[in-house]
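Each chain gets a letter, A, B and so on, in the order its sequence line appears, and its residues count up from 1. For clarity, every value in this text was computed on a predicted model and none was experimentally measured.
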Amino acid sequence: MSLATDFQEQLAKGELHVQLCNSCGARQMYPRQRCLTCYSKDLGWARASGRGRLLSYTVVRAAPPTAFREDVPYGLGIVKLEEGPQLLARLTPGADGEFADYRCDGAVVFAPADGPEIENRPVAWFAPANTD
Amino acid sequence: MAKALEEPVFLGIGELAAGRFPERSFMEALTDVAIMALDDAGLKPQEVDMLMLAPCLHSMEDQADLIFSRVVEDLGLSGTVKANMMIHSGGSTSDNLARLAASVIATGEAETVLVVQTDRWGSADLNAMIDMLTFNGIPREWERPAGQNFNAIGALLTRRYMHESGATEADMASICVALREWAQLNPNAMFRGKPLSVEDVLRSKVVADPLHSLECPMMGDGATAFVMTSERKARSLTDRPLVRIAGSGGVVTHFSLAQEADLATLGWPGAATQAYAEAGWGAEEAQFAQVYDSYPVILAIAVEGLGIAPKGEAAKRFAAGDYSPGGKFPINTNGGILSGGHIALGGGMALLIEAVRQLMGRAPAERQIAGARRGIVGGTGGSYSDAQVLLLERLD
């Protein structure tokens, strides 16, 4: 099994995992062949809290890659998880289909997409965190 | 292997106009620009010891021909040239080409190196090129499935930069306007004769928030070349001013954009520190900079990391006109990539060549910087994965 397949299968179950080093306990993203802290190959997975901070975001409105024409407009964000690792995520639109609730450094939370969507696009989705 | 330590210098340059030239074939443009650079250097083709090629991105087939010595046959170098090779680091290719050409000359591996680049991005199918680019610096497992693409990368960096610096959309747009003003002075620029205002940029369609279509690079056909040789050989050929590399620095920070720890800084400060230490001079002692600008934010971040503007101030200083023609410090005097035309790896080459041209005192009068002796060159490739700095100096 490839690292990508493992990661995508966890997403399909509605879970976000990051890579865990079984030797030194370091957590890393994206998944690698080696732990970048101790260079062990003994690597597994740890379920992430799903809480993070949005470092930046955009809404693709035009000129997407051909395979994404039907997705426009779609939100992309760089999320820094509270565990430390960073990843690129799709952003869940608001009820109006827009993305006005996102801010740089705003709190976001993993919001898994449903089955058909995750099958189509095996990526992590995030939404604004309810900070009340 | 290494015999003597020679001083490598830029001796000749060549550049064809950037734009849409569907009738100008790939090999015609490539041989024309190569001969132009050799004529400029005062050299016969057979005096070239090594041929170093930048990749072309419009066609894998043309690129393979370059790797496997097509240009050797087409320039009549069969049996005389020692090596034919391709160097590729995306947008920073030109900087690495100059660095490696200089290294082989310094060690005596080669006396004279011809560097050539040609691309036909302007004549290629735009959607095919957008798709192709997602295979050039975007991780297939982790970012491509989300719809990552280069305009989105530019937008993600712009959003973070604006957040940290307080720069406005109008400030970012003013970078495009400054470059367009420089392009009016460059007959080779794709957007010469097409003035641009901040309002034009802000009225153009939003491609990926907060990036407008007029802040995205326009793909062009282009061809660029330069010749480097030893100072000793150059002095036997000409009394003209030569250009040397006084210092260089580089930092590679990431492959995947989302793995970049500092999105509004990138690798520039580390690369600049190395280069200035080697040269023994700093930004305040240079007369100009030519820095990669495939999106306005790329230039703003670099200008700050290179120490030309304080952190967070570059876009505001562009808006104040500091870097425009007639301003305090000329930046991208050929119009850069955004107004010169994005000719693939030639975007960085054109900036490097412009630096050499300025230091030789051979720019057209309307954009020649009086007394230019030191210039800063910056390049970056992929998802702005690296920061490469060359500090160039005039040798009289």
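Of all the listed residues (A:Asn120, A:Thr66, A:Val79), the one sharing the greatest number of non-hydrogen pairs under 4.5 Å with chain B is A:Thr66. Options B:Ala155, B:Ala146, B:Ala208 differ in how many heavy-atom pairs under 4.5 Å they form with chain A, and the most are formed by B:Ala146. The choice from A:Arg90, A:Arg103, A:Arg61, A:Lys80 that makes the most heavy-atom pairs within less than 4.5 Å of chain B is A:Arg61. In terms of heavy-atom pairs under 4.5 Å with chain A, the best-connected choice from B:His163, B:Glu141, B:Lys205 is B:His163. The most heavy-atom pairs under 4.5 Å with chain B, out of A:Val59, A:Ile78, A:Leu87, A:Leu55, come from A:Val59.
Aromatic ring centres of B:Tyr384 and B:His254: separated by at least 6.0 Å.
Between the side chain of B:Ser383 and the backbone N or O of B:Phe255, at least one donor-acceptor pair lies under 3.5 Å.
Inspection of the B:Asp386 and B:Ser92 side chains reveals an N or O donor paired with an N or O acceptor under 3.5 Å. For the residue pair B:Ser256 and B:Glu143, no side-chain donor N or O sits within less than 3.5 Å of a side-chain acceptor on the partner. Counting only N and O atoms by type, the side chains of B:Arg180 and B:Ser339 include a donor and acceptor under 3.5 Å apart.
The aromatic rings of A:Tyr74 and A:Phe68 lie tilted to each other, with the angle between the two planes from 30° to 60°.
Neither the backbone nor the side chain of B:Arg140 comes within contact range of chain A; no heavy atom of the residue lies under 4.5 Å from a heavy atom of that chain. A:Pro85 does not touch chain B: none of its heavy atoms, backbone or side chain, sits under 4.5 Å away. Contact annotation for B:Leu156: both backbone and side-chain heavy atoms come within less than 4.5 Å of a heavy atom of chain A. For B:Gln148, the parts lying under 4.5 angstrom from a heavy atom of chain A are both the backbone and the side chain.
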